[in-house]
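First the structure, in the form of structure tokens, and then the observations on it.
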Amino acid sequence: MKIKYSLFTRRQFLNGLLGGWLGAFFGSILYPVLKFVYPPYREPEKVVLPFADYSGMGLNSVQIFSWGSKPGILKKNQDESYTAFVGVCTHLDCNITYISEQRKFFCACHEGWYNENGVNIAGPPPRPLRRLIVEITGEDLIIKKEGVE
Amino acid sequence: MRKKNYLILLLLFVVILLFLFAGLSLAQQVEQTNPGQNTQIQQQKDSEKIFASFKNIKEETGTYVFLAWMWLSIAVLIWILRLKIKEAERLYHLKFFSPPKK
Amino acid sequence: MDRRKMSIRVWFDERLGLSNIVRFLTEKSVPQHKYSFWYYTGSAILLFFIIQVVTGFMLICYYKPTLDGANESVARIITEVPLGWVIRSVHSWSATFMIAFAFIHLFGIWIVKSYQRSRELTWMTGFFLLIISLLFGFTGYLLPWDELSLSATKVGTDIPRSIPVVGAWVTKLLRGGEDVTSDTITRFFGIHVSILPVLLFILLAIHVYLIQRHGMSVPLSEERKDKEVKTLPFWPNFVFREMIVWLILAGILFSVALFFPPSLDKKADLMAPAPEGVKPEWYFLFLFQTLKIFPAKILFIYGDTIAVFVILLAGVLIFFLPLIDNKPGEKKGRAITFLAYLTLLYALLMTIWSLL
């Protein structure tokens, strides 16, 4: 369909082309800049620790290990089994603590409570604590994300 | 500018660039294969040097694509700017920008 | 649509008065003659400085200016951070290009004698800008804290010591003590990212203001011609041409930076002996060689002291060049132009000699 008049002048077209291409040029430079400034946060797939450091745990007690840059909580349960959680509150990422007398995890920032299985029971936390899988093979204590070989 | 002059300028620019790259890569080569440098200390130091390089093939190809896109953009932008310069010159000779004479 | 845009422009203009600046830029004229391309050298320096600031901001995100952290953080930037080596390479090469163009600009102005009559202060502020650029390069060179940069800094900060009376004081101020230590790296980092940028902005503002006030100068040989010098309006004609120059320079910079990234030597050891082949960055090589050719002692004065004095004297003479060159058209003026070529040749020869 041919229109009788031009939608824009030659000057507008040229200016638009210049501005647009300059924008694309700087946009393409912006991408590497952003990639540099936002480094990818790499969470470890699994963590291998010497079991000897954790063998002396009493029942119903916890010990902290490093899960990337976050704390991980290794808990020895009443039935001598081990559970591992990512030790940050699901509300706003504060580090949580375990109160063994009450058998509850507590987040001091906004008074969030989790039971001994990590399920959120009181306060603002919206979800239970993230679980990690624990494996003990000989001298190694392997803690890994769910679904990792 | 006449087409011939423009082509000569472009050719000159490419030649200078090639010289620059050739000179730099030659300097790199000389530095790496210079016999005076192959003392034990120097070899040890070279092995402790950290060289900047691409981490994977995706990064490498991405960089070459970016370079090609960059030079293409520069060529297009220069073409557009030359058109705008011609227009600005034309308007200047018409005294379009001067204040109106009373 | 246009009317709406117009009212936004009017809104800002009522409050900021920017239309005065825009009108000034359209009325400012740039002479067109055989040597016009030299006019591009000044803004080229600005382009590279802007690139330095942007890449510098990015590098600051990861660099740690401490004894333990410096080398490791640079290694991390090169190996772990995505495209870190590219940003570091651009920063390093842009420094080279900026200082190269600063020298080209200086020699261009010297040979064409743009510093005459009322433009003396422009030259003097420009001279300080060059010194600041060299200091940027010097302080930045230490920051990766690898063997070569530590040795170069030790030598560089030792040179002022040969000046009698104040020398030792200057060295102690630069180093933060008698020796190069972790205090030196912190001090150099502070100088590199805050003191020097502030000084540069102030001097650059004065320099640019003076250029606008006095206009672009025309070489004597062109002025002597009978016909009137053709001019171009700064905006938009000259600015579009400048954009083209900037695009090409930026393209060359990125291409060189991507193909020839700098490496990182191993971490500096304060107790280790000086490595072989210690030399400063290329822009100091001619000074380095000048120091080397002086004998250890002349009569009863240390060779170093005399060398430093000679260099300082040369610096002072160059600083006062507009006042010295008061008869540009005559023999004295021609001799000073010849001196420019001689200085350039000397610097080039000394640089090449130091590399052999």
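Within every chain, numbering begins at 1; the chains are lettered A, B, ... in the order of the sequence lines, protein sequences first and strands thereafter. Keep in mind it's a predicted model, so treat the numbers as computed, not measured.
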query = Of all heavy-atom pairs between K64(C) and R76(C), which one has the smallest distance, and what is that distance?
reply = NZ-NH1, 4.2 Å

query = Taking non-hydrogen atoms and a cut-off under 4.5 angstrom, which of residues 71-80 of chain B neighbour chain C?
reply =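 Counting heavy atoms that sit under 4.5 Å from chain C, the residues of residues 71-80 of chain B involved are W71(B), I74(B), L77(B), I78(B).
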
query = Could K86(B) and E89(B) be called an ion pair, given the rule that one side-chain N must be under 4.0 Å from one carboxylate O?
reply =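 Here K86(B) does not pair with E89(B) in a salt bridge, since their nearest N and O are not under 4.0 Å apart.
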
request  = With a 4.5 angstrom heavy-atom cut-off, could you sort out which part of K84(B) is near chain C: side chain, backbone, both or neither?
outcome  = both

Proximity breakdown for L67(B) and chain C, heavy-atom pairs closer than 4.5 Å =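 The answer is the side chain of L67(B).
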
inquiry  = Heavy-atom pairs under 4.5 Å with chain B: which of L258(C), I78(C), I244(C) has the most?
reply    =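 Top count of heavy-atom pairs under 4.5 Å with chain B: I244(C).
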
Between [X] and [Y] (judged by ring centroids, cut-off 6.0 Å), do the two rings come close enough to count as a pair?
X       : Y       : result
F51(B)  : W85(C)  : no
F103(C) : Y283(C) : no
H33(C)  : Y39(C)  : yes

query = For T79(C), is it the side chain, the backbone, both, or neither that has a heavy atom closer than 4.5 Å to a heavy atom of chain B?
reply = both

key: Heavy-atom proximity to chain B below 4.5 Å, by part of R88(C)   = neither

inquiry  = Under a 3.5 Å distance rule, please check whether S354(C) uses its side chain to pair with a backbone N or O of T351(C) as donor and acceptor.
reply    = yes

Backbone of H105(C) reached by a side-chain donor or acceptor of T41(C) within 3.5 Å =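 Checked: no pair found.
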
query = How about F57(C): does its CZ atom have over 12 heavy atoms from other parts shown lying under 6.0 Å from it?
reply = no

